[in-house]
Amino acid sequence: MDYDFKSIESKWQAWWAANKTFKVVEDPAKPKYYVLDMFPYPSGAGLHVGHPLGYIASDIFSRYKRLKGFNVLHPMGYDAFGLPAEQYAIQTGQHPEVTTDKNVARYREQLDRIGFSYDWDREVRTCDPGFYKWTQWAFLQMFDSWYDPAQDKARPIAELIAKFESTGYEDVTPEQWKSASEKEKSDILMRYRIAYQGETSVNWCEGLGTVLANDEVKDGLSVRGGFPVEQKKMTQWQLRVSAYAGRLLDSLEKLDWTDSLKEMQRNWIGRSEGTEMVFNTICDGREMPVTIFTTRVDTIYGVTFMVLAPESDLVPQLTAADRKAEVEEYLKYVKKKTERERIAETKTATGVFSGAYGINPVTGQKVPIWISEYVLAGYGTGAIMAVPAHDSRDYVFAKKFGLPIVPIIEGCDVSEESFDAKDGILCNSGFLNGMTVKQAIEAAKDYVEEKGLGRRKTNYRLRDAIFSRQRYWGEPFPIYYKDGIPTPLPLSELPLRLPEIDSFKPSSDGEPPLARAKDWTYQGYPLEKSTMPGFAGSSAYYLRYMDPHNDNALVSREADDYWRNVDLYIGGTEHATGHLIYSRFWNKFLYDMGYVCEDEPFRKLINQGMIQGRSNFVYRIVGTNTFVSLGLKDQYETTEIHVDINIVRGDRLDLEAFRRWRPDFADAEFILEDGEYICGWAVEKMSKSMYNVVNPDDICDTYGADTLRLYEMFLGPLEQSKPWDTKGIDGVARFLKKFWRLYTDRDGLAVTDAEPAPEELKALHKLIAKEQEDIENFSFNTTISAFMIAVGELSALNCHKRAILEPLCVLLSPFAPHIAEELWHLMGHDDSVTDARFPEYVAAYTVEDNVTYPVQFNGKMRFTVDLPKSAAPAEVEAAVRALEQTAKWVGDKQIAKVVVVPGRIINIVVK
RNA sequence: GCCCUGAUGGCGGAAUUGGUAGACGCGCUGGACUCAAAAUCCAGUGGCCUUUAAAGCCGUGCGGGUUCGAUUCCCGCUUGGGGCACCA
């Protein structure tokens with residue numbers, strides 16, 4: 001009986017679906033384990049061979065955990081709101097929902113072919129009103145909460161209102177609060193709400209017609225689409241993520257994530273501990289205090305000027321009358337620059353003198369105040385004290401504008417560049433003289449606090465998340481404007497469904513697409529017209545999987561108590577500063593409010609590497625239709641052209657297929673080497689435009705899903721990026737065939753009931769031990785090697801015994817579930833192999849431990865030899881002789897231990 | 001510029017905690033089967049010297065160091081990949 005993977009795979013996929021083999025329910029009798037994949041955005045291109053890499057790994061782990069007796073939650077769903085479907089809608093008029101449904105169906109079809117053990121009854125889609133009801137609900141919870149720094153957690157906004165009414169809070173007195181109008185009260189509360197509306201400088205992307213979050217912008221271009229992004233002041237919904245910065249940073253410690261990913265989050269959050277200090281300023285005779293932030297108070301004696309951010313509110317007040325024209329010109333210049341230009345010109349300093357002066361609070365020295373774009377309004381206080389001798393940015397600025405540079409560290413040379421390092425001894429610094437920089441920082445902080453000049457302050461780089469998008473295909477905000485006051489919709493009105501509109505473009509007067517909806521109002525008041533960003537729906541989806549059909553809560557208390565949080569999360573690093581921050585924030589908020597029982601959503605996180613494509617090239621001689629083979633191309637002037645990898649085999653081009661490939665190549669001529677056309681190649685991202693996409697469906701057709709699963713894992717370590725090369729797949733395909741042949745003959749299953757021999761058990765038990773260890777370490781490639789070795793050994797022993805095959809099927813089932821299931825059933829089982837238990841090995845046949853034998857040598861030194869338990873006396877004898885040899889070159893050092901494998905010395909351990 | 005990561009045969013990659021480097025697979029070479037091919041099976045396969053064998057020497061990006069012993073630990077570089085980047 002041949003190994004007919006096609007019929008085997010479709011048979012068991014259908015059987016699993018019909019029997020709901022992977023349906024999971026809460027079961028307090030069993031320990032839980034939650035394995036989650038980052039759910040995909042269903043794009044129009046479908047899956048390529050790189051996408052399932054992480055899914056296969058998580059599936060192997062889920063199936064393994066299930067064999068180990070865990071109740072495993074392993075769900076899948078779709079991150080279905082997003083820009084591509086909407087862009088497509090704008091171009092074609094096709095409703096994004098239609099495209100999304102189509103893409104989801106295609107994804108599902110592709111996923112199903114690979115044989116995943118998902119509980120599809122728990123599928124979620126972020127664009128489903130039953131799902132986004134809870135996204136909207138969470139937003140309203142945030143709207144109705146504030147962050148109480150005293151308790152360091154989110155609290156209901158009612159508590160803040162109570163404070164305003166009774167004792168007052170911060171700069172609001174009870175009298176002010178009581179006499180405030182509704183609008184004024186709303187404005188005050190907006191300064192505290194976790195979800196709030198406020199004016200801020202945003203990343204505006206004209207090409208997409210919407211604002212973007214910081215993580216959606218890279219190098220001044222939008223991540224989606226690559227359109228230029230500019231800074232613009234706008235009123236937007238925001239989430240007060242910054243309030244959680246400290247906790248987001250601190251609880252990274254307890255997470256089992258890779259160091260690099262934690263480091264990325266640390267950088268993104270960007271804690272810096274410094275000092276806020278007040279400088280008095282004088283402008284046209286008026287005095288005004290200005291607070292600056294610095295991490296280097298110790299350099300206070302090196303301050304030679306101050307700088308304000310151009311966007312700072314202080315600028316108008318600190319512009320002297322006679323400098324007004326120039327300052328305004330500069331502000332205009334800064335404003336019209338795009339983000340990209342600003343990044344490109346970081347080396348050159350720009351700026352203007354404001355005409356105002358600041359007084360150094362420690363030295364009393366008067367220094368000029370400048371305005372420059374190198375100071376950011378959004379960080380610290382938007383104003384700095386400049387110490388050109390010890391800060392490279394201040395240095396560049398001082399050089400450009402001829403400002404004095406005063407070094408305050410002994411012996412440093414600042415003639416060419418600033419001395420930024422935090423070491424050395426201070427000089428020219430009054431009471432700080434003679435201290436090391438580290439001592440001086442602390443001493444200066446103490447001094448500033450004692451004298452009441454300022455205070456210690458921790459700043460974070462992490463900004464609040466901008467939460468509005470001027471788009472259609474996202475969650476509508478459950479907010480309406482009652483007399484201009486943003487008002488939450490009653491919970492009973494959720495979900496607030498997306499309205500139908502006739503076109504998905506922004507309206508003609510620049511309003512978001514929702515402005516086109518016919519009756520976008522609530523009780524006659526206008527509803528919010530922007531929608532939520534992509535990360536809204538993905539921030540709590542892992543909670544929804546725990547209880548996906550609950551219409552009364554995001555997740556019930558019981559389901560949350562049982563599943564708690566994700567034990568293993570697998571996905572790409574690209575979400576390090578987006579989704580993984582927002583999710584943690586969102587979860588902490590829900591935790592503060594008592595809706596969930598764990599404060600971190602993802603305990604262990606593994607980043608699977610990217611699978612890159614391997615592109616092939618042909619070389620066309622310029623101005624001709626002649627193509628020259630790789631080895632000869634340097635003799636001509638050529639252009640490199642991507643060629644479809646499906647018409648190249650082993651870098652050799654199929655000439656006929658190439659002529660058929662594209663009409664303009666129909667009459668192509670070739671210059672060959674050794675009768676063949678050799679293509680160039682490169683490792684690149686897998687993408688349609690590079691003609692290097694490998695579709696998992698094709699692999700399933702030719703080799704089968706089990707082979708695909710094995711090969712993706714065999715390719716190398718999970719976390720490493722690696723190029724896909726179909727060439728090597730034959731090795732694992734052969735392994736499965738060999739395995740199949742070992743236990744079947746022409747008529748079907750061929751096993752005996754004979755007792756297994758010790759060597760056979762040994763091969764099996766070695767595999768059990770190895771597989772267990774490897775899977776726990778996510779080293780799936782080496783498990784597969786161990787399988788190949790075990791099957792090779794069993795094959796050499798000509799072992800066709802049921803007592804061996806049964807555990808082998810169980811061991812193989814996480815990796816190649818279809819073939820395991822088939823053999824399992826051929827052996828007469830009528831349950832699924834996934835319901836079996838991971839085999840325990842019998843102690844008598846475990847891999848033998850080495851034993852230490854004490855040995856006397858020359859009657860003088862004492863040392864030991866490690867040999868296997870079973871070592872024959874002759875082998876021990878041989879070890880001793882070997883020692884005599886080694887003793888020659890060890891010299892007079894005392895030998896402590898000699899490690900020996902049968903007959904051969906490894907090495908000598910000397911005390 | 002700063003941070004993180006990696007570098008091992010022709011290729012993908014193994015190597016426990018400092019202890020036989022190159023497991024396993026691909027590719028390649030030779031052989032068996034075949035009229036032939038495919039498939040399958042067997043053997044070989046880091047480099048050098050050598051007719052062959054035995055033996056030896058050199059080998060884990062480069063240069064040092066620690067150690068009886070280093071792919072593994074330490075110091076200094078080179079280089080690939082990723083992240084951050086006027087964050088005071």
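These numbers come from the heavy atoms of this one structure, side chains and all, not from hydrogens, waters or symmetry mates. Predicted model, so just to flag it, every value in this text is computed and none were measured. Numbers restart at 1 for each chain; the letters A, B, ... are given by sequence-line order, proteins then strands.
- Taking 4.0 angstrom as the limit, A/Tyr374 places none of its side-chain polar atoms (N or O) nearer than this to OP1 or OP2 of B/rA88.
- Heavy atoms of A/Leu715 sit under 4.0 angstrom from primed sugar atoms or phosphate atoms, though from no base atom.
- The C1' atoms of B/rA55 and B/rG65 are separated by 32 Å, rounded to the nearest whole Å.
- Distances shorter than 4.0 Å separate some side-chain N or O of A/Asn781 from OP1 or OP2 on B/rA14.
- Using N1 to N3 plus N6-O4 or O6-N4 for Watson-Crick, or N1-O2 and O6-N3 for G-U wobble, each under 3.5 Å, B/rG69 pairs with nothing.
- Within the 4.0 angstrom heavy-atom criterion, base atoms lie near A/Arg463.
- Computed from coordinates, the A/Glu263 CD to B/rC2 C1' distance equals 11 Å when rounded to whole Å.
- In this structure B/rC86 sits in no base pair that meets the Watson-Crick or G-U test at under 3.5 Å.
- Each of A/Tyr460 and A/Glu773 has a nearest nucleotide on RNA chain B; the 5'-most of these lies closest to A/Glu773.
- Taking atom P in both B/rG9 and B/rU5, the straight-line distance is 23 Å, to the nearest Å.
- Across B/rG1 and B/rC74, the matching C1' atoms stand 26 Å from one another, rounded to whole Å.
- Taking the six-membered ring where tryptophan is involved, the planes of A/His579 and A/His575 are perpendicular, since the angle between them exceeds 60° and thus also 30°.
- OP1 or OP2 of B/rA85 has at least one side-chain nitrogen or oxygen of A/Arg461 nearer than 4.0 Å.
- Tested against A/Met277, the residues A/Asn360, A/Val290, A/Ile300, A/Thr291 include a single side-chain contact (heavy atoms from CB on, under 4.5 Å) partner, A/Ile300.
- Partner assigned to B/rA37 is none, using Watson-Crick or G-U wobble distances below 3.5 angstrom.
- Below 30°, between 30° and 60°, or above 60°: for A/Phe780 and A/Phe778 the angle between ring planes is above 60°, a perpendicular geometry.
- The partner of B/rU78 is B/rA7, judged by Watson-Crick or G-U wobble contacts that both fall below 3.5 Å.
- The separation of B/rC62 from B/rU71, taken at their C1' atoms, amounts to 15 Å, rounded to a whole angstrom.
- Remark: A/Ile570 CD1 to A/Ile56 CD1 distance equals 11.0 Å, nearest 0.5 Å.
- Between B/rG25 and B/rC35, the two C1' atoms lie 34 Å apart (nearest whole Å).
- In terms of phosphate contacts, A/Arg741 brings a side-chain nitrogen or oxygen within less than 4.0 Å of OP1 or OP2 of B/rC41.
- Taking the six-membered ring where the residue is Trp, A/Phe419 and A/His390 present perpendicular rings, their angle passing 60° and hence far from 30°.
- Under the 30°/60° scheme for interplanar angles, the aromatic rings of A/Tyr3 and A/Trp740 are found to be tilted.
- For B/rU60, there is no paired nucleotide, since no Watson-Crick or G-U wobble pair has both relevant distances below 3.5 Å.
- In this entry the distance linking CD of A/Gln612 with C1' of B/rG80 reads 11 Å, nearest Å.
- To the nearest angstrom, P of B/rC11 lies 17 Å from CZ of A/Phe714.
- Anti is the glycosidic conformation of B/rG82, whose angle departs from 0 by more than 90°.
- Nucleotides B/rU8 and B/rG61 have their P atoms positioned 6 Å apart, rounded to a whole Å.
- Proximity of A/Ser260 to the phosphate of B/rG82: no side-chain N or O atom is located under 4.0 Å from OP1 or OP2.
- Separating the P atom of B/rC57 from that of B/rU67 is a span of 23 Å, rounded to the nearest Å.
- In this model, the phosphate group of B/rG6 is not approached by any side-chain N or O of A/Gln720 to a distance below 4.0 Å at OP1 or OP2.
- You'll find the ring centres of A/Trp724 and A/Tyr711 inside the 6.0 Å limit.
- At the heavy-atom level, A/Pro717 lies under 4.0 Å from the strands shown only through sugar-phosphate atoms.
- A tilted orientation is assigned to the rings of A/Trp370 and A/Phe401, their planes being inclined by 30° to 60°.
- Spacing of C1' atoms, B/rG46 relative to B/rA38, comes out at 32 Å, to the nearest Å.
- Straight-line distance from the CZ atom of A/Phe735 to the C1' atom of B/rA23: 16 Å, rounded to whole Å.
- The base-pairing partner of B/rG27, taking Watson-Crick or G-U wobble contacts with both distances under 3.5 Å, is B/rU45.
- Within 4.0 Å of A/Arg266, counting heavy atoms only, lies no atom of the nucleic acid at all.
- Nucleotide B/rA23 holds its C1' atom 19 Å from the CZ atom of A/Phe780, rounded to whole Å.
- Distances from the side chain of A/Trp268 to the nucleotides B/rC26, B/rA88, B/rC84 place B/rC84 closest.
- Atom CG in A/Asp394 sits about 7 Å away from atom C1' in B/rA88, given to the nearest Å.
- Picking from B/rC86, B/rC24, B/rG27 the nucleotide with the shortest atom distance to the side chain of A/Arg734 gives B/rG27.
- Mapped onto RNA chain B by nearest heavy atom, A/Ser779 and A/Leu261 fall at different nucleotides, with A/Leu261 at the one closer to the 5' end.
- At whole-Å resolution of the value, CG in A/Leu252 and P in B/rG83 are 19 Å apart.
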